[in-house]
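Working notes for the structure below.
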Amino acid sequence: MRFLPTDEQRAFTRSLHTMLRAARPPAAARAWAAGDPAPGRAAWTGLAEAGVFALAVPENHGGLGPLPAELALAFVELGRHAVPGPVVETVAVAALLTALGDPAPAERLLPGIAAGEVMATLRLPGTGPYALDADAATSVLVVDAAPAVPGPGSPGDGGSGSGSGSGSGSDVKGHADASEGAHGGDHARDRNGTGTGTGKGTGDASRPGPKAARPPTLRIAPGHGPVRASADPVRRLSVPQGGGEVLAAGPGVAAAAATAVDWARLATAAQALGTGLALLDRTVEHVGRRAQFGVPIGSFQAVKHRLADTLIALEFARPLVLGAAVSMTRTDIAAAKVAAGEAAYGAARAALQLHGAIGYTEELDLALWLRKARPLRDAWGTPAQCRAAVLRP
Amino acid sequence: MDLTHTADEDAFRAEARAWLRAHVPHPPPPSLETAEGFAAHRAWEAELHSGRWSVVAWPEQYGGRGADVFHWLVFEEEYYAAGAPGRVSQNGIGLLAPTLFDHGTQEQRARILPPMASGEVVWAQAWSEPEAGSDLASLRSRGVRTAGGWLLSGQKTWSSRAAFADRAFGLFRTAPDEDRPHRGLTYLMFDLKAPGVTVRPIRRLDGKPAFAELFLDEVFVPDEDVIGEPGQGWRIAMSTTGNERGLMLRSPGRYLAAARRLVGLWRATADPSDTALRDRVADAVIGARAYQLFTCAGASRVAAGSAIGAESSLNKVFWSEYDIALHETALDLLGAEGEPADGRDGWSEGYVFSLAGPIYAGTNEIQRDIIAERLLGLPKGRR
C-alpha cells in the first residue's frame with residue numbers, strides 16, 4: 001500500500017496549478033457569469049492541452065484514461081482555482097459514452113472531448129430539470145428514462161417501475177431518493193410518463209407520448225430554454241429542449257447513466273474539496289491580517305477553532321475523495337461526495353462569517369468560491385441521496 | 001496511489017483471524033473498569049501474548065512480531081472485527097513503550113517490556129495534577145535527589161487504570177528553579193504499591209473506578225527508572241505524541257467494526273422511513289471509512305520517511321467526536337433498551353467511555369489551538 005500521490009501525479013497537479021494561476025480563472029469566471037464564455041473557453045483549451053479531459057477518455061478514443069485518480073487530483077485543482085464551465089459534466093459524458101460501449105457515438109464525441117473541442121453537458125434522470133452551461137456547451141446530452149410501467153411495487157418504494165416523468169426512479173439504479181421516486185411516480189402517471197420533467201414537477205420538456213414502454217434513450221438536445229440565474233452565477237442553468245437526434249437506446253443506456261453519475265459525483269467531490277481548500281486558504285490569510293482590538297482576529301480562539309474544524313473536515317474528506325478514485329466503488333464515491341460537499345459548504349460558512357461584511361459582497365473574488373460550495377454539495381446527488389447510497393447493500 | 005495489501009499482509013490477516021476466532025472469549029469479559037473485569041482482561045493479555053498477538057508491532061525479542069504499520073493496521077482490523085476485548089495494557093503499550101524504544105536504555109527495555117507484553121505488569125499514566133491539566137507544564141509534583149535515585153512527592157490525578165494497575169509513569173519537577181515551566185521536568189516510572197503511595201480510586205460518570213488520584217509522599221524511585229536525562233522529561237513526553245504513535249492511538253479497525261455493528265443494529269431495528277436516523281448511520285459508515293483512509297495516508301507518509309507531527313491533532317479531534325456521535329446513534333436506535341447501564345452489546349458503557357474522548361489525551365480545545373497555530377499558521381494568542 002502506498003496511499004499517496006506518486007511523484008508523477010504530484011508533478012501533474014503542480015503543473016496544473018501553475019498553469020491555472022497564470023490563466024486567471026476568477027476573471028474568466030466573472031465573464032462566464034456575464035454570458036461571455038470566451039475567456040473560459042480559452043482556459044478550457046489549456047486544460048485539454050494539459051490532458052485533463054483525456055483522463056476520462058479511453059486510449060482507443062484518443063484519450064489517456066480512464067484514470068480516475070489523476071482526474072480526482074486534477075479536479076481538486078479546478079475547484080481550487082474556481083474554473084468555470086461544465087467540467088464535471090464533460091467528464092460524465094465521457095464516462096457515459098465509454099460505459100455505453102457503442103462505437104458510433106463514442107467515436108463521434110470522445111476524441112473531441114479529449115482534445116478540448118467538445119464542451120459537453122448532460123442531464124440524467126433523477127438529477128433535476130437543468131443542464132449546466134448548456135448555452136456555452138457544444139453538445140447537450142440528455143438521457144430520458146424509460147416511461148412509467150405500472151408495476152407491482154408499492155407507491156414510493158424508490159420509484160421502481162416509475163420515474164420517467166421525474167427523471168428519478170429505477171433507471172439510474174440506486175441513485176434515486178425514495179421520496180423523489182414517489183414524486184416521480186405521480187408525475188409520470190399524470191403525464192403518461194414520457195416526459196423529461198423533474199421530481200418537483202417543474203420540467204417543461206415533457207411531450208405527450210404513447211403508453212407503450214420504451215427503452216431509456218440518449219439523445220442530443222437541439223437546444224435549451226432560457227438561462228436562469230443560479231445561486232452561483234457562474235453556473236448557468238437551462239432546460240434542454242425535447243427531441244433531437246437519438247444516439248442510443250436500451251437498458252445499456254441506464255447502466256451507462258449510472259456509471260456517469262458515479263464519475264460526476266467523484267469529480268464534483270474533488271471540485272468541492274478544492275473549493276473548500278481555497279476558501280480556507282483565503283480565510284486564514286484574511287484573519288491573519290485583519291486586526292481588531294489591536295490584534296489579528298486570527299489570534300482569537302473562537303476564530304482559530306472554527307478554522308481548525310474547517311481543516312479537519314477537509315482533511316478527512318480528502319482521503320475519501322482519493323480513496324474513492326482508487327476503488328471506484330459506488331459506496332466510496334457516495335461517501336466522498338457527502339464528506340467533500342459538507343466540508344466545502346462548512347468552509348464557505350466559516351469563510352463568510354470570518355470575513356464579515358466584506359465576505360457578503362461581490363467585491364472579493366472570494367464570492368466565486370463562496371457561492372459555488374452549496375450547489376456543488378447538492379449537484380449529482382444531494383447529501384441525503386448519497387447517504388442512502390452509502391447504506392445500500 | 002494504491003490501497004492494495006501485500007500477499008504477506010493477507011497471510012498475516014488470515015493467521016490473525018484464525019487465531020482470534022479460536023481464542024476470543026464469548027461472552028466478553030466484564031468491564032475492565034471493575035476488579036473482576038480487570039483481572040479477566042489481564043488474563044486475556046496473557047493469552048494474547050501466548051499467541052504472540054499482544055504487541056505485534058514490537059521487535060520479536062520483546063514478544064512482538066516486528067510488524068510494520070500496515071501489518072499493525074491489518075491486525076487491528078481483525079482484532080476488533082472479531083469482537084475481542086478492550087486492551088487493559090493500552091497505556092503501557094501505546095505511551096510508555098514507544099518512549100522506551102526512543103529514549104530508554106537497553107536494560108530498561110529488557111526489564112520492562114516483556115512483563116508489559118504479557119499483562120503481568122499493567123501500567124497507569126500519571127500526567128495530570130489538580131492544578132495542571134491542559135497546562136500540563138505547570139505541574140508541581142516534585143522529585144528530590146537522594147542517594148541512588150529520587151524521592152517523589154505531590155499529587156497526580158485522572159490517572160487512568162490506576163485503581164487496579166501495578167505501576168505508573170509520568171512527569172515530575174526535579175529542578176524547581178528553571179526559568180520556564182517546561183524545563184526541569186523528569187520522566188519517571190514508579191510502583192503503585194511502593195511505600196508512600198496512596199491510591200484513591202475516582203468513580204467516573206457511570207460509577208466505575210476508571211481512574212484514580214495518586215498521593216505521593218517521598219516515594220523512592222531508583223535511577224534505573226528514570227527515562228532519558230533528568231530535566232529532559234517534557235521533550236521526551238512530547239516526542240511520542242507527534243510521531244507515528246500519535247497516528248496510532250486509536251486504530252481504524254476499532255471504528256470500522258463499531259460502524260459495522262451499528263449498521264447491523266440499524267437494519268435489524270430501525271424504521272426504514274426514518275431518514276434522520278439513516279443519515280446518522282450513514283455518517284458513521286462514512287466517518288469510519290474516512291478515518292481508515294486518513295490513517296492509510298498517514299501510514300504511507302510514515303513509511304516514506306515523513307514525520308506526522310501536529311497532524312495527530314486532526315486525528316484526535318476527529319476520532320473523539322466521531323466516537324460520541326456513533327454511540328449516540330446506537331443509543332437512539334436502541335431506544336429504551338439503551339438506558340440500562342449494562343445495556344445491549346456494550347453500547348451503553350461504550351457511550352460513557354466515548355464521552356471522555358474529547359477531554360483526555362489533550363483536550364480538543366488544546367488540539368484545535370495546535371491545529372490553528374501549527375498547521376494553519378495563525379498567530380498565538382491568549383488561551
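Scope of the values below: all heavy atoms of this structure, side chains included, with no hydrogens, waters or symmetry mates. To find a chain, count down the sequence lines: A is the first, B the second, and so on, and within it residues start at 1.
Of the listed residues (A:Ala335, A:Ala325, A:Ala317, A:Pro383), the one with the most heavy-atom contacts under 4.5 Å to chain B is A:Ala335. Counting heavy-atom pairs closer than 4.5 Å to chain A, the top residue among B:His5, B:Gln367, B:Arg301 is B:Arg301. Residue with the most contacts toward chain B among A:Gly288, A:Ala69, A:Ser327, A:Pro319: A:Pro319 (heavy-atom pairs, distance under 4.5 Å). The choice from B:Cys296, B:Pro272, B:Gly377, B:Gly298 that makes the most heavy-atom pairs within less than 4.5 Å of chain A is B:Cys296. The most heavy-atom pairs under 4.5 Å with chain A, out of B:Thr4, B:Asp369, B:Val317, come from B:Asp369. With chain A as partner, the option from B:Asp2, B:Leu378, B:Leu314, B:Ile371 having the largest number of non-hydrogen pairs under 4.5 angstrom is B:Asp2. In terms of heavy-atom pairs under 4.5 Å with chain A, the best-connected choice from B:Ala290, B:Gly381, B:Ala372 is B:Ala290.
Side-chain contact between A:Leu322 and B:Leu293 is absent, with no heavy-atom pair separated by less than 4.5 Å. At a threshold of 4.5 Å between non-hydrogen side-chain atoms, the residues A:Leu73 and B:Met1 count as touching.
No more than 12 heavy atoms of other residues, nucleotides or ligands sit less than 6.0 Å from atom CZ of A:Arg349. Around the CZ atom of B:Arg13, the shell of radius 6.0 Å holds more than 12 heavy atoms that belong to other residues, nucleotides or ligands.
Among residues 2-16 of chain A, the residues having any heavy atom closer than 4.5 Å to a heavy atom of chain B are, in sequence order, A:Arg2, A:Phe3, A:Leu4, A:Pro5, A:Thr6, A:Gln9.
The parts of A:Val284 that come within reach of chain B are both its backbone and its side chain, each placing non-hydrogen atoms under 4.5 angstrom from that chain. With a threshold of 4.5 angstrom between heavy atoms, B:Arg267 approaches chain A through side-chain atoms but not through N, CA, C or O. Contacts of A:Asp332 with chain B are made by side-chain atoms alone, with heavy-atom separations under 4.5 Å and no backbone atom involved. For chain A, the nearby parts of B:Phe294 are the backbone and the side chain; heavy atoms of each come within less than 4.5 Å. Residue contact with chain A, scored on non-hydrogen atoms closer than 4.5 Å, is absent for B:Glu321. For B:Ala297, the parts sitting under 4.5 Å from any heavy atom of chain A are the backbone and the side chain alike.
Residues B:Ile286 and A:Ala339 approach most closely at CG2-CB, 4.3 Å, considering heavy atoms. Of all heavy-atom pairs between A:Ala308 and B:Leu376, the closest is N-CD1, 4.2 Å. Closest of all the heavy-atom pairs between A:Phe316 and B:Asn315 is CZ-CA, 4.0 Å.
A donor-acceptor distance shorter than 3.5 angstrom exists from the side chain of A:Lys304 to the backbone of B:Pro379, with no hydrogens or angles considered. Side-chain N or O atoms of B:Arg278 include none that pairs as donor or acceptor with a backbone N or O of A:Arg387 at under 3.5 Å.
Between atom CG of residue B:Leu73 and atom CE of residue A:Met1 there is a gap of 7.0 Å, rounded to the nearest 0.5 Å.
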Exercise for the section: Might you work through the side chain to side chain contact (heavy atoms under 4.5 Å, CB included) test for B:Asp283 and A:Val338, ending with a clear yes or no? Expected result: CA-CA 9 Å; B:Asp283 282 342; A:Val338 173; 4.2 Å; yes

